[in-house]
Amino acid sequence: MMKKNLIYYFTLLVFFSYNYDSIAQSQDRNNSLVLNKATQKQLKEYDSFFVENHKRHINELVELIAIPTMSMQPENKPELKKAADLLKDMLHTIGMENTEVYFTNELPVVTATYTRHKRQPTILFYGHFDVQPVNKERWKSDPFSAEIRDERLYGRGATDDKGPIIALISAIEGLIKVDGNLPVNIKLLLDGGEEMGSPHLPIWLASNQDWLSDIDFGVNVDAMMNNDNQGMMWKGLRGAADLEVTITSANTDLHSGIYGGVAPNAALAASKVIASLWNKDGSIAIKGFYDGLRQYSEKERKEIAAVVDQDQQAKDLKKFGIDQWIGEREYSFYERPWIRTSVDITGFKAGYTQGKASIIPHTAWFRMLARTGPDHDPKEVLEMLKKHVKDSLPWGLKVDFKESVMGTAPVFDESDLGFRIGKQVLTDFFGTPPIILYIGGTVPALSSIPDGGGPNLVSVGFQRGDENFHADNEYMRIESFKKGQRIYVNLLHAFVNQLNE
């Protein structure tokens, strides 16, 4: 849905050391964090397992991609169920317990558990298996018949987020096959509605408090790596809220010859309302709109400016054929999509568009998507938008709204134990600390799970910014998939004995 503006917040330049014994450990000397690690023998056996079963694991991903799980299209409910059942069967086959599929408001959640260790922590893993819509004509190959070209697997959901889910499942399978069990307890929550804002998830969480009650840590696999040689972790994301607006001027379309010049036009009224929402520079024109946002210090803003790619905005202008950027002039190109709130028109319908028609449209519809920055309440943002629409509506026309909140903007504490564990695992794997940054997108579960009584989720994944998620010809690097399998194995070992007090 909804994620990933690839601009960097800051890089933490801290280096770590580790050593291998019969029981290997990784240590963050500055913070007294000692992590369990798999032995060299185990690592070799895991690697052999992944190599021997690589083709089967990729075929399992291909099978999952073949199911068009576009959650925003109601007719796809059978496809969502088919994919949920497939994942449930996969999890049961590899040795997970209590595998279930739940439907809430016609959207699925797949769950599974492995809780055999009384003295070990329980880690929740979250991912989603629904996908964005496609325009097949703009794809070089069938988006639902995955095709490998140049060590890249092309298909809708390949990297967002079916590939990471299969990498996680195969990593769990490898641990069970090689060691006979998992080193810690885990619970999986696989979401079938993330791309439409996971509206069902808070309801499911509220009804399953017992399921959440014993979880110590959380990991989000709908996440990214910086490049082949460096991981990535998210310091914060934006929240999101959606507003549909329907403007009505009459009870039917009218003849433009008879009523043109006297009857109010709903399309024109909608255009006037939309135009009034933005200042000339592209910032929001509503008085006090930005008041609820967290104010970042000069020091924090200098940290952003010190590490960003100063050439990125010029590169992107050229790449996308844009003349100029818009938005709040007092905030940088990087700050606007990370820590500020934006509002966009994401759809507009009015009148007859298939050819010529001599009508005055009596209805117009448009959708607004607000991406909310830290501390900015999405509900308050919706109320401001609705009030402005009502106050700006000309000629006494009627307006109706349909709204939804998809999550608040989470900001993560880097001193949190789960965050430190994830960072150390990535540091050890790549030999350099991960880049830690804000992004402009939204993963609703990262706010709804903690708000619903679960843990904070640290984001550890292997998606790459150029892999066309939410766009045509989405793909996943096969090599990244392999890295993901091994990172998740290391991560599970790292949580051993990390009982979060």
Side-chain angles (χ1 to χ4, degrees), residues 1-5 61 64-84 86-87 101-110 126-136 138-139 143-144 146 155-166 189-204 220-224 234 237-244 344 346-347 367-372 378 402-407 410 439-449 457 459 461 463 465 467-476:
M1 162 180 169
M2 311 197 80
K3 352 185 194 322
K4 303 138 187 164
N5 292 334
L61 174 55
L64 186 59
I65 288 173
I67 307 173
T69 51
M70 293 169 285
S71 57
M72 65 292 299
Q73 298 176 355
E75 64 271 20
N76 278 341
K77 181 181 176 181
E79 305 296 338
L80 288 169
K81 184 178 187 306
K82 182 178 178 181
L86 175 62
L87 288 166
V101 175
Y102 300 92
F103 269 85
T104 303
N105 288 2
E106 299 190 334
L107 291 171
V109 166
V110 181
Y126 169 86
H128 71 88
F129 58 93
D130 64 323
V131 299
Q132 283 285 308
V134 299
N135 185 335
K136 290 188 176 182
R138 296 203 293 256
W139 283 66
F144 300 110
R156 177 55 93 213
T159 193
D160 183 20
D161 180 39
K162 292 180 177 182
I165 285 176
I166 297 300
L189 195 164
L190 305 180
D191 184 358
E194 192 271 350
E195 295 293 2
M196 60 178 298
S198 299
H200 61 309
L201 193 55
I203 302 169
W204 186 88
N220 165 43
V221 304
D222 184 18
M224 305 181 71
W234 294 339
L237 299 88
R238 289 197 290 185
D242 185 88
L243 183 65
E244 294 182 49
D344 283 290
T346 60
R367 167 175 268 139
M368 291 188 281
L369 178 62
R371 299 280 190 170
T372 57
K402 183 179 179 181
E403 62 192 77
S404 64
V405 171
M406 290 165 272
I439 65 166
T442 306
V443 179
L446 297 189
S447 58
S448 62
I449 288 177
L457 278 71
S459 294
Q463 299 165 354
E467 291 179 337
N468 298 332
F469 38 73
H470 291 219
D472 308 321
N473 301 302
E474 177 183 350
Y475 68 91
M476 175 200 71

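Rounding to the nearest 0.5 Å places CG of Leu87 at 6.0 Å from CD1 of Ile166. One finds the CG atom of Asp130 at 8.0 Å from the CG atom of Leu107 (value rounded to the nearest 0.5 Å). Taking CD of Glu467 as the reference point, atom OG1 of Thr159 lies at 4.0 Å (rounded to 0.5 Å). Atoms CZ and CG, on Phe103 and Leu80 in that order, are 6.0 Å from each other to the nearest 0.5 Å. For the atom pair Asn220 CG and Leu189 CG, the distance stands at 11.0 Å (nearest 0.5 Å). To the nearest 0.5 Å, atoms CG (Asp472) and CG (Asn135) are separated by 6.5 Å.
The shortest non-hydrogen separation linking Ala241 to Pro378 is CB-CB, 3.9 Å. Of all heavy-atom pairs spanning Ala445 and Leu201, the tightest one is CB-CD2, 3.8 Å. Contact detail for Gly127 and Val221: the closest heavy-atom pair is CA-CG2, 3.9 Å.
Not a single donor-acceptor pair under 3.5 Å links the side chain of Gln132 to the backbone N or O of Met70. Under the 3.5 Å distance criterion, the side-chain polar atoms of Asp344 are left unmatched by any main-chain donor or acceptor of Thr346. Counting only distance, with no hydrogens or angles, the side chain of Asn473 and the backbone of Arg138 share a donor-acceptor pair below 3.5 Å.
A donor and an acceptor atom, one from each side chain of Asp222 and Tyr126, are nowhere located under 3.5 Å apart.
Residues satisfying the side chain to side chain donor-acceptor pair (under 3.5 Å) criterion with Ser448, sequence neighbours excluded, are absent altogether. Glu403 pairs by the side chain to side chain donor-acceptor pair (under 3.5 Å) definition with Lys386, not counting sequence neighbours. In this structure Ser447 satisfies the side chain to side chain contact (heavy atoms under 4.5 Å, CB included) test together with Thr408, Asp451, sequence neighbours excluded. Listed by chain and number, the residues in a ring-ring contact (aromatic ring centres under 6.0 Å, His included) with Tyr475 are Tyr154 (sequence neighbours excluded). Residues passing the side chain to side chain contact (heavy atoms under 4.5 Å, CB included) test with Glu106, sequence neighbours excluded: Lys77. Partners of Glu79 under the side chain to side chain donor-acceptor pair (under 3.5 Å) rule, at least two apart in sequence or in another chain, do not exist in this structure. Every residue meeting the ring-ring contact (aromatic ring centres under 6.0 Å, His included) condition with Tyr102, not counting sequence neighbours, appears here in chain and number order: Trp204. In this structure Asp242 satisfies the side chain to side chain donor-acceptor pair (under 3.5 Å) test together with Arg367, sequence neighbours excluded. In terms of the side chain to side chain contact (heavy atoms under 4.5 Å, CB included) criterion, residue partners of Pro410 (sequence neighbours excluded) are, by chain and number, Leu237, Phe412, Leu446. Residues passing the side chain to side chain contact (heavy atoms under 4.5 Å, CB included) test with Ala83, sequence neighbours excluded: Leu64, Ile67, Thr69, Phe129. For Lys82, there are no salt bridge (Lys or Arg N to Asp or Glu O under 4.0 Å) partners at least two apart in sequence or on another chain.
In this structure, Val101 and Lys81 have side chains that are not in contact, with every pair of non-hydrogen atoms separated by 4.5 Å or more. By the 4.5 Å heavy-atom criterion applied to side chains, Pro68 and Arg156 are not counted as neighbours. A heavy-atom distance below 4.5 Å is not found between the side chains of Asn76 and Ser71. Residues Met476 and Phe469 fail the side-chain proximity criterion, which asks for heavy atoms closer than 4.5 Å. Within the 4.5 Å cutoff, the side chain of Leu190 has no heavy atoms near those of the His128 side chain. You'll find the side chain of Val109 stays beyond 4.5 Å of the side chain of Thr104, heavy atoms only. The side-chain heavy atoms of Met72 and Pro133, taken from C-beta on, include a pair separated by under 4.5 Å.
Of the residues listed (Arg238, Arg371, Glu194), the one engaging Thr442 in a side chain to side chain donor-acceptor pair (under 3.5 Å) is Arg371, and it is the only one. Each of Leu369, Thr372, Val443 was scored for a side-chain contact (heavy atoms from CB on, under 4.5 Å) with Met406, with one residue passing: Leu369.
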